[in-house]
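Take a look at the structure below.
Residues take their numbers from the sequence shown, with the count starting at 1. Just so it is clear, the values below take in all heavy atoms, side chains as well, and ignore hydrogens, waters and symmetry mates.
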Amino acid sequence: MLWILTQNKQDLMNVKSVSVKGKHVEGFVENSLLDQWNKVMGKYESNDRALEVLTEIFAKIDQSDGAAVTFNMPQK
């Protein structure tokens with residue numbers, strides 16, 4: 001289970017997967033028959049920085065020894 005506090009600190013999301021689209025880091029939240037729900041969790045100055053944040057999320061998951069992982073999206 002991955003819980004992420006969004007960059008603007010307005011949402012705490014339980015995400016199933018995380019992806020980078022351009023300068024945005026998005027979380028995949030839900031899938032229904034007709035729709036998928038993705039939400040932007042953070043916007044950064046470049047695609048490279050967004051990829052760095054994704055790597056930070058992976059490192060946090062990799063270091064975890066429990067069932068739940070929490071991550072705060074960085075401001076910059």
Residue pair [X] / [Y], side-chain heavy-atom distance below 4.5 Å:
| X | Y | value |
| --- | --- | --- |
| Asn72 | Lys9 | yes |
| Met41 | Val53 | no |
| Thr70 | Leu5 | no |
| Ile57 | Leu2 | yes |
| Ser46 | Glu52 | no |

Approximate separation, where rounding is to 0.5 Å, of [X] [atom1] and [Y] [atom2]:
| X | Y | atom1 | atom2 | value |
| --- | --- | --- | --- | --- |
| Gln7 | Lys76 | CD | NZ | 10.0 Å |
| Ile4 | Lys60 | CD1 | NZ | 11.0 Å |
| Met13 | Trp3 | CE | CH2 | 10.0 Å |
| Met73 | Lys43 | CE | NZ | 13.5 Å |

Shortest non-hydrogen separation from [X] to [Y] and the atoms involved:
| X | Y | value |
| --- | --- | --- |
| Gly22 | Asn47 | O-ND2, 2.8 Å |
| Val15 | Gly27 | CG1-CA, 3.9 Å |
| Lys16 | Val29 | CE-O, 3.4 Å |

Looking at Pro74, is its backbone amide N or carbonyl O close enough to the side chain of Tyr44 to form a donor-acceptor pair, meaning the two atoms are under 3.5 Å apart?
yes

Path from Phe58 to Val18 over hydrophobic side-chain contacts below 4.5 Å
no

When you group the ILVMFWY residues by side-chain heavy-atom contacts below 4.5 Å and let the links chain together, are Val40 and Phe71 in the same group?
no

Sorted by chain and number, sequence neighbours left out, side chain to side chain donor-acceptor pair (under 3.5 Å) with Lys23 holds for none

List for me each residue that meets side chain to side chain donor-acceptor pair (under 3.5 Å) alongside Asn8, sequence neighbours excluded, and say none if there are none.
Thr6

